Trainee: 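Below: one structure in structure tokens.
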Amino acid sequence: MELLSSWCYKGSLPDSYVMPPETRPGDLIVPLGESIPVIDLQCRDRNETVRQILKASEDYGFFQVINHGVSEYLMDETMEVAEEFHAMPGSDKEKECAKDPKGSCKLYTSSYVYPREEFHLWRDAVTHPCRPSAEHIQFWPEKPTRYRKVVGAYSVELWKLSCRILEFICQGLGLSTDYLSNELSQDPKIMINHYPPCPEPSLTLGLFKHRDPTIITILLQGQVHGLQVFKDGRWICVEPIPHAFVVNIGYLLQIISNGKLMGAEHRVVTNSRDPRTTISFFVYPCDESLIGPAKALVDARNPAIYKAFKFTDFVATFILKPDKEALKELISAPLAPFQLRWRKAHPRGRALPELMLSWLPRVECASPGTRLHWVLLIQIPRWGGGGVVGGKLDGHLRHLMKGASPGMRLSHVATESAISREGASPGMRLPHVAANSALTRVKRVPGDASFATSAERCSILSGMDNVIHVMIEDDQAVRKASKNGEDNKIIRIAENEVSWRQSCLVGKIKNMYNEDIVQTSFSADGFNVKVSIWHELLVVIQFKYESARQVCWLNREHWVSRWFDELELLEGYENKHRVKTWILLSDVPLLVWSESFFMKLGSLWGKMLLVEDDTCNRSRFDVARILLEVHYASDIPEKVSIVCNGRLYSIKITIEAQEESRMFIDGLMPGGGACCLDVVVTSKENLIEDVHTTGGLGEAEVERRVVVDEALHKVSIFVNDGPKDLFVDDSFGYMELNRDVGHVWKTQSISNSSRLLDILIDEVSSFRRDSEGPNSYYRRRISVPSSSKHIQDHSNSQENITFSVEKGTNGVEINTRSISIVPRRKKKSSTRRKLLQIARRGTVDQANSAREIIVGSEGLQNEAEATFSVGEALVLYSQLRNRRSSTD
Ligand SMILES: O=C(O)CCC(=O)C(=O)O
Ligand SMILES: [Fe+2]
């Protein structure tokens with residue numbers, strides 16, 4: 001093995017240096033533009049430095065440091081010595097590097113394994129350990145004569161610099177600052193690389209694309225270009241900056257950080273003009289050190305993706321005898337079966353979600369910006385029968401499912417492709433999939449399986465977290481990958497499996513319609529479409545052909561104005577769609593209680609909009625409230641763990657309210673979650689006083705709410721109460737009433753077989769005391785544009801319906817009607833909760849010239865009951881009307 005620098009100046013590039021085409025640098029002009037971050041270590045604000053370093057380490061795995069404290073004179077001197085060393089005759093270099101019988105100082109060309117190499121690299125290198133210097137310096141070269149002195153001083157300075165940078169990184173990761181200041185970083189080595197000018201730089205490389213097998217590497221790269229970093233499929237040049245150091249995260253730190261930091265891949269290209277000499281300071285662990293993800297960075301949501309191993313074993317498989325399979329075996333954590341997250345609230349109905357487990361892997365797609373969501377449904381035989389529904393299951397996925405947990409049975413896997421509907425028949429005891437896999441909905445039938453308690457489910461689901469990567473690839477790649485039996489952490493989806501999205505639109509149906517109506521109307525217009533529910537207020541409209549979608553899209557004005565509030569192409573919509581969500585955080589340690597903490601925390605899952613005043617002002621510590629904008633409320637975990645001062649704290653997260661969510665008339669969210677009104681509290685004092693006099697609620701239970709929006713939201717309420725025949729489809733009494741009164745309520749049935757109705761009430765109004773005394777009562781006010789004629793018509797009623805006249809809030813006397821209802825039988829369990837929810841919601845007062853209907857109930861002491869009564873009132877009213885028309 002002859003050193004490159006001994007012969008390279010004569011002649012052309014030998015064949016053994018010509019790389020295979022896919023490895024060659026080819027066009028050597030790598031576009032400038034993006035560059036790796038440059039960080040000033042003299043910055044006074046330590047936290048800012050930490051932030052910059054962490055961000056660069058996450059985004060690039062590379063950064064440059066300036067004002068790092070190492071003397072420029074020493075840097076220059078060391079570079080001179082390095083160049084002088086490589087300029088010496090080969091025989092001298094060999095002699096200078098052979099002083100240690102154990103071979104600690106190594107001189108080689110290309111790589112350690114030159115004789116076994118298929119292709120050689122265009123470089124020479126010398127490397128030796130440098131700490132503790134007393135132990136090693138005796139084996140270092142003595143020529144050039146100042147080698148030991150200068151490189152010795154340089155090693156000391158670089159050691160100090162590396163310790164500083166490691167402390168910054170530890171702090172940024174949330175580890176103790178000395179987490180890496182032990183055997184993990186105690187065995188640094190110097191390597192001096194030399195890349196002579198190369199006759200054919202486009203055909204060969206100075207170093208292959210690689211990750212350093214280090215904790216970090218600090219490189220002095222001199223003035224000659226050559227180093228390139230691979231990011232997002234492109235090569236980025238690392239610009240030489242005079243007297244800066246290039247720092248990169250090594251593979252080992254990637255593992256210790258459990259993948260949070262990136263051990264970025266890089267390579268060295270050569271050039272035909274200038275020799276290039278660089279000095280790497282590799283921060284290595286001691287041989288026997290155990291490497292593995294830091295415990296503090298691992299939890300249920302971030303399961304360990306690596307396992308612990310001995311550094312020597314790593315060196316053996318990564319450097320000495322590179323073997324990808326063996327390396328993977330050595331470092332990869334065993335696969336947990338799959339990641340499951342249980343979605344608490346089903347968007348469409350209370351009874352539906354109970355068995356629904358949503359599986360929302362972190363997704364990596366081939367095309368940036370696309371995001372796939374998977375919903376996975378598991379049926380557990382104990383809780384309901386049923387078989388496997390939808391057979392077309394990705395092989396990898398099926399494999400993953402095996403052994404999920406004894407007793408579990410896979411019933412249904414839905415991807416975004418409409419694959420799994422077949423086989424499901426109405427009435428089947430099948431949980432319902434809707435949220436993320438609109439096309440797989442199976443209609444629920446009353447009397448579905450009885451469901452397990454949440455505690456049972458949670459215990460089954462615990463310990464099953466793992467992250468699955470989903471990729472979209474063309475068919476060929478899929479076939480190839482499955483032949484190779486590739487890592488089943490990656491699920492490959494053939495491009496054609498997702499191309500159906502190109503024939504879809506996504507829309508928000510106007511409140512008075514439902515998906516069945518829209519589907520019928522599309523058919524009437526000659527479009528063969530399938531309309532499926534997606535998220536809470538959205539539908540996906542799938543056309544048979546992309547061209548049909550095109551036609552509809554071009555005519556969208558027409559469609560939108562008739563049926564939809566919004567209509568969009570499906571592709572890309574997922575990333576755009578966002579919902580506002582209030583989040584309650586309980587058990588927050590006081591140690592971290594600050595606005596900035598909450599801002600940071602919320603930003604983990606979406607865009608932080610607001611930290612509630614009470615939280616900022618520390619008016620209460622039992623719970624903190626923040627408002628977030630997220631893609632999916634299900635992106636928010638149920639629990640988050642934070643480490644502070646070395647202690648682990650668990651913060652409980654409750655999704656409290658969601659913009660424009662629907663809720664049942666009893667104040668419950670479909671699915672049993674909390675309700676979601678955004679309303680303005682006009683006066684806290686009033687509210688408290690009012691509530692006091694009802695005798696039902698204590699002051700402490702009344703809570704001020706923050707206004708989300710200037711405008712008051714429309715509120716949708718589901719009514720699931722009332723005589724069956726009146727609550728079917730559009731034929732029930734409400735519609736009648738609405739038409740007469742002037743579209744007071746827009747109604748919507750959810751499904752043909754269901755008695756759930758959706759009533760949109762334009763405005764929710766205040767608790768209002770109408771009179772003093774024992775018979776005082778509170779009313780719920782609903783503003784509607786009503787016809788006074790109609791009201792007059794019915795101003796005398798039997799059946800407990802009475803009408804009265806009141807002053808409008810704008811001072812104009814208008815006709816209003818009060819429907820008094822006999823109080824319902826007292827509701828048991830949830831009444832108090834409802835009451836609290838309503839009470840918290842507070843009052844709304846809005847100047848409104850509209851006529852008003854007040855629905856209250858004498859003797860009723862809470863608005864929840866009154867709310868219930870809306871339905872009842874309407875039923876009574878429509879009965880009354882029916883009777884009247886039959887007597888007419
Ligand atoms: O010489 C360079 O620019 C980079 C050297 C390098 O990547 C290494 O030594 O691992
Ligand atoms: Fe490297």
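All ligand and atom numbering here is 1-based and tracks the order in the structure. Since we're looking at a predicted model, the values are computed, not measured.
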Trainee: Hey, what do you get for CH2 (W7) to CD (E2), rounding to the nearest 0.5 Å?
Mentor: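 Reported value, rounded in 0.5 Å steps: 8.5 Å.
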Trainee: Do Q254 side-chain atoms and M262 backbone N/O form a donor-acceptor pair below 3.5 Å?
Mentor: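 Here the side-chain-to-backbone pair does not exist.
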Trainee: Does the side chain of E167 come under 3.5 Å of the side chain of Q171 through a donor N or O and an acceptor N or O?
Mentor: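 The answer is no; no qualifying pair exists.
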Trainee: With a 4.0 Å cut-off on N to O distance, would you call K93 and E96 a salt bridge?
Mentor: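 No, this pair does not count.
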Trainee: Does anything in residues 152-172 form a ring pair (Phe, Tyr, Trp, His ring centres under 6.0 Å)? List the pairs, not counting sequence neighbours.
Mentor: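 Qualifying pairs, neighbours excluded: none.
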Trainee: If only side-chain N and O atoms count, and only distance matters, is there a donor-acceptor pair under 3.5 Å linking T278 with N193?
Mentor: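 Distance-only check passes for N193 and T278.
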Trainee: Is the distance between the ring centroids of H128 and F139 under 6.0 Å?
Mentor: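 No.
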Trainee: Report, as a single number, the protein N, O or S atoms less than 2.8 Å from the Fe ion (ligand 2).
Mentor: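 If we list every protein N, O or S atom nearer than 2.8 Å to the Fe ion (ligand 2), we get 3.
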Trainee: So, using ring pair (Phe, Tyr, Trp, His ring centres under 6.0 Å) as the criterion, who are the partners of H86 when residues are at least two apart?
Mentor: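 With neighbours one apart ignored, the set is H194.
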Trainee: Tell me the residues surrounding ligand 1, counting only those with a heavy atom closer than 4.0 angstrom, sorted by chain and number.
Mentor: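 Ligand 1 pocket, heavy atoms under 4.0 Å: N193, Y195, L207, H210, D212, L219, L227, H266, V268, R276, T278, S280, F282.
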Trainee: Can you spot which of D45, N47, I53 makes a side-chain contact (heavy atoms from CB on, under 4.5 Å) with T49?
Mentor: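 Only match with T49 under side-chain contact (heavy atoms from CB on, under 4.5 Å): I53.
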